[in-house]
Amino acid sequence: MRRLIVKLLLFVIFFSGFFDPSLIPTAHALSGGPDSGSYVWRDSASGISYSWDDISASGTSLGVRSDDSMSGLLNIGFTFTYYGNAYTQLYICNNGYITFTSAACAYNNIGIPNAAVPQNFIAPYWDDLFTAGDIRYQTLGTSPSRRFVVSWLNVDHINFKGANGVTFQVVLYETNNRIAFEYQDVTFSDAATSSGGSATVGIENSAGASGTQISFNTQSLSASYAVQIEITPVLTQAAYRIFTNANSTDVGAALAASNSGATLTSTGQAFRVRMLLAVASSGIIASGTTLKLQYAGKGAGTCASPSGTPAAYTDVTTGTAIAYKDNATPTTGTTLTSNANDPIDGARVVINETYVESNNFSNTAGAIQVGQD
């Protein structure tokens with residue numbers, strides 16, 4: 001819900017009469033989910049970038065050189081919330097998954113969800129693996145943006161020991177509780193078991209009753225491939241203000257008080273709206289979501305139930321009564337100019353996005369974390 005956030009805050013629109021906007025959030029292009037825990041996932045084919053954390057020298061080695069080996073409790077380095085429960089420690093199974101619940105290291109992968117053991121796990125590559133290479137873990141970064149990384153480095157399949165091994169990792173992110181799977185090498189010497197052909201990829205809650213299955217015994221993985229799992233972001237309109245148009249990155253003069261509608265005086269009058277959206281549950285990654293701008297005639301009704309013309313909410317296009325206007329001077333990617341009249345939301349941190357024209361989706365946007373606008 002990022003690019004049209006920028007357009008809503010900065011783009012100029014035409015309208016005659018009273019403006020009563022409504023933002024209707026829509027989830028980004030998902031590859032799967034949500035499950036009952038509101039987890040959704042996307043992969044490299046839907047915009048997630050592969051980003052490998054090399055801890056092969058700096059990380060702590062488990063020293064595991066055997067089959068079906070579970071580590072002891074390991075400190076994450078921060079509190080990680082998973083299916084509503086807070087954890088500061090976890091276990092690592094050499095068979096390609098981590099878990100927050102003590103249990104034997106299961107080798108026989110099954111589909112998700114399943115009430116059988118293991119439960120409460122995160123599996124980037126659950127298969128019957130043998131640690132001929134190494135398994136390392138490390139907490140990186142500084143608060144409140146730390147991440148806990150576990151890397152399986154050149155680990156063999158139990159049936160193909162000493163041959164080609166696979167290399168992959170799972171990353172847990174502080175604050176937004178996001179999960180990432182990164183795949184550097186997914187090829188064994190046996191073609192059928194390579195690329196996840198005999199593996200389970202996904203997450204499951206502590207009861208085994210809910211989970212997100214990304215792949216099960218399917219060759220869906222590849223080198224330099226990434227998967228990201230997150231809780232669906234919850235957005236709340238926090239504040240807005242309507243301004244006159246200025247052909248610059250500044251919004252111009254305010255037409256009304258914050259959180260108040262403005263009456264325009266002429267047909268074709270250009271104006272701007274800056275709006276704050278409060279982010280809860282999960283952060284929004286840069287360029288990770290889209291947002292729709294709609295309008296309706298309020299009439300004698302309410303914003304929730306308009307009765308004017310149009311009575312139903314209508315998408316803003318170049319041909320509707322409210323339409324986007326492209327300013328000539330500001331260029332895409334330009335930093336916004338702060339205005340003393342900008343809407344505020346108490347003491348919450350506001351992430352000021354860059355200017356975008358012509359529905360341009362190519363420039364970089366800043367991520368918004370939980371508790372920010």
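This chain uses plain numbering: 1 for the first residue, then up along the sequence. Because only heavy atoms are used, hydrogens play no part in the values below, and waters and symmetry mates are left out as well, while side chains stay in.
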Establish, from distance only, whether the side-chain atoms of Asn154 and Asp134 form a donor-acceptor pair under 3.5 Å. no

Side chain of Ser61, backbone of Gly63: donor and acceptor closer than 3.5 Å? yes

Is there side-chain contact between Tyr125 and Leu221, with heavy atoms separated by less than 4.5 Å? yes

Could you tell me the separation between the CH2 atom of Trp152 and the CZ atom of Arg136, rounded to the nearest 0.5 Å? 14.5 Å

Check: Thr302 main-chain N/O paired with Ser305 side-chain donor or acceptor under 3.5 Å: no

Contact list for residues 142-170, test salt bridge (Lys or Arg N to Asp or Glu O under 4.0 Å), sequence neighbours left out: Asp53-Arg147, Arg146-Glu174

When you look at Gln119 and Thr101, which way does the side-chain contact (heavy atoms from CB on, under 4.5 Å) test go after all the steps? CA-CA 7 Å; Gln119 296 166 348; Thr101 303; 5.7 Å; no

Under 3.5 Å, is there a donor-acceptor pair linking the side chains of Thr314 and Gln294? no

Keeping Thr244 on the side-chain end and Ala253 on the backbone end, is there a donor-acceptor pair under 3.5 Å? yes

Taking Tyr183 for the side chain and Pro124 for the main chain, is one N or O donor matched with an acceptor at less than 3.5 Å? yes

Are a donor atom and an acceptor atom from the side chains of Ser198 and Asn217 found within less than 3.5 Å of each other? no

Closest non-hydrogen contact found for Ala106 with Pro118 is CB-CD, 3.7 Å

Looking only at heavy atoms, what is the nearest atom pair of Gly261 and Ala256, with distance? O-CB, 3.6 Å

Donor-acceptor side-chain pairing of Ser195 and Gln219 below 3.5 angstrom: no

For the residue pair Ile179 and Val227, establish whether any side-chain heavy-atom pair is separated by less than 4.5 Å. no

Any side-chain donor-acceptor pair under 3.5 Å between Thr329 and Asn327? no

Distance col, row Asp43:CG vs Phe181:CZ, nearest 0.5 angstrom, shows 12.0 Å

Between Phe121 and Trp126, ring centroids under 6.0 Å: yes

Determine whether Asn95 and Asp127 satisfy the following criterion, side chain to side chain donor-acceptor pair (under 3.5 Å), listing intermediate values before the conclusion. CA-CA 6 Å; Asn95 287 323; Asp127 204 342; over 6 Å; no

Nearest non-hydrogen partners of Leu73 and Gln89, listed with the distance: CD1-OE1, 3.5 Å

Indicate, with yes or no, if the rings of Tyr39 and Tyr83 have centres closer together than 6.0 Å. yes

To the nearest 0.5 Å, how far apart are OH in Tyr97 and CG in Asn120? 11.5 Å

Are side-chain N/O atoms of Thr337 and Asp250 paired as donor and acceptor at under 3.5 Å? no

Is any side-chain heavy atom of Thr200 closer than 4.5 Å to one of Ile110? no

Could you tell me if the side chain of Cys93 sits less than 4.5 Å from the side chain of Ile98, heavy atoms only? no

Does Ala226 offer a backbone N or O that forms a donor-acceptor pair with the side chain of Ser44 under 3.5 Å? yes

Sidechain-backbone polar pair: Thr218 side chain, Ser220 backbone, donor-acceptor under 3.5 Å: no

Working to the nearest 0.5 angstrom, can you tell me the gap between Leu62 CG and Ile135 CD1? 5.5 Å

Trace of the side-chain contact (heavy atoms from CB on, under 4.5 Å) decision for Tyr295 with Asp315: CA-CA 7 Å; Tyr295 76 100; Asp315 291 357; over 6 Å; no

Minimum heavy-atom separation for Ala103 to Val117, with atom names? CB-CG1, 3.9 Å

Does the gap between the ring centers of Phe100 and Tyr87 come in under 6.0 Å? yes

Whether Glu182 side chain and Ser51 backbone form a donor-acceptor pair below 3.5 Å: yes

Run Gln184 and Thr167 through side chain to side chain donor-acceptor pair (under 3.5 Å) and show every step you take. CA-CA 5 Å; Gln184 187 179 96; Thr167 296; 4.5 Å; no

Between His157 and Phe188, how do the two ring planes meet: parallel, tilted or perpendicular, split at 30° and 60°? perpendicular

Do Asp35 and Thr212 have side-chain atoms, one donor and one acceptor, less than 3.5 Å apart? yes

Met275 CE to Arg241 CZ distance, which is reported to the nearest 0.5 Å: 14.0 Å

pair Ile203-Ile229: side-chain heavy atoms closer than 4.5 Å: yes

Does Ile122 reach the side chain of Tyr82, with side-chain heavy atoms less than 4.5 Å apart? yes

Interatomic spacing from OG in Ser145 to CZ in Phe78 - rounded to 0.5 Å: 10.0 Å

Should Ile351 and Leu235 be counted in the same cluster of Ile, Leu, Val, Met, Phe, Trp and Tyr side chains packed under 4.5 Å apart? yes

Quick one, Phe271 and Leu264 - any side-chain contact, counting heavy atoms below 4.5 Å? yes

Find out if a path of hydrophobic residues (ILVMFWY) with successive side-chain heavy-atom gaps under 4.5 Å connects Val186 to Val170. yes

Would a single hydrophobic cluster contain both Tyr50 and Leu153, if residues Ile, Leu, Val, Met, Phe, Trp and Tyr are joined by side-chain heavy-atom contacts under 4.5 Å? yes

Single-linkage hydrophobic cluster, 4.5 Å side-chain cutoff, Val149 and Leu74 together: no

Asp190 (side chain) donor-acceptor with Ser194 (main chain) under 3.5 angstrom: no

side-chain contact (heavy atoms from CB on, under 4.5 Å) assessment of Tyr240 paired with Asn259: CA-CA 5 Å; Tyr240 73 90; Asn259 304 319; 3.8 Å; yes

Backbone N/O of Asp54 and side chain of Ser56: donor-acceptor pair under 3.5 Å: no

Should Phe243 and Leu255 be marked as a side-chain contact (heavy atoms from CB on, under 4.5 Å) after you check the CA-CA gap, both sets of side-chain angles, and the distance that decides it? CA-CA 5 Å; Phe243 299 82; Leu255 287 172; 5.7 Å; no

Side-chain atoms of residues 341-350: list all donor-acceptor pairs with protein atoms under 3.5 Å, sequence neighbours left out, distances to 0.1 Å.
{"residue": "Asp342", "atom": "OD1", "partner": "Arg274", "partner atom": "NH1", "Å": "2.7"}
{"residue": "Asp342", "atom": "OD2", "partner": "Arg274", "partner atom": "NH1", "Å": "2.8"}
{"residue": "Asp342", "atom": "OD2", "partner": "Asn339", "partner atom": "N", "Å": "3.0"}
{"residue": "Asp345", "atom": "OD2", "partner": "Arg348", "partner atom": "NE", "Å": "3.3"}
{"residue": "Arg348", "atom": "NE", "partner": "Asp373", "partner atom": "OD1", "Å": "2.6"}
{"residue": "Arg348", "atom": "NH2", "partner": "Val279", "partner atom": "O", "Å": "3.4"}
{"residue": "Arg348", "atom": "NH2", "partner": "Gln372", "partner atom": "O", "Å": "2.7"}
{"residue": "Arg348", "atom": "NH2", "partner": "Asp373", "partner atom": "OD1", "Å": "3.0"}

Are Ile322 and Tyr324 connected into the same hydrophobic cluster when the rule is that any two of I, L, V, M, F, W, Y join if their side-chain heavy atoms are below 4.5 Å apart? yes

Heavy-atom side-chain proximity of Glu204 to Pro113 below 4.5 angstrom: yes

Where is the tightest heavy-atom contact between Leu129 and Gly96, given as atom of each residue plus distance? CD1-N, 3.9 Å

Have Asp185 and Asn164 got a donor and an acceptor in their side chains that come within less than 3.5 Å? no

For Gln213 and Ile112, indicate whether the former's side chain and the latter's backbone hold a donor-acceptor pair under 3.5 Å. yes

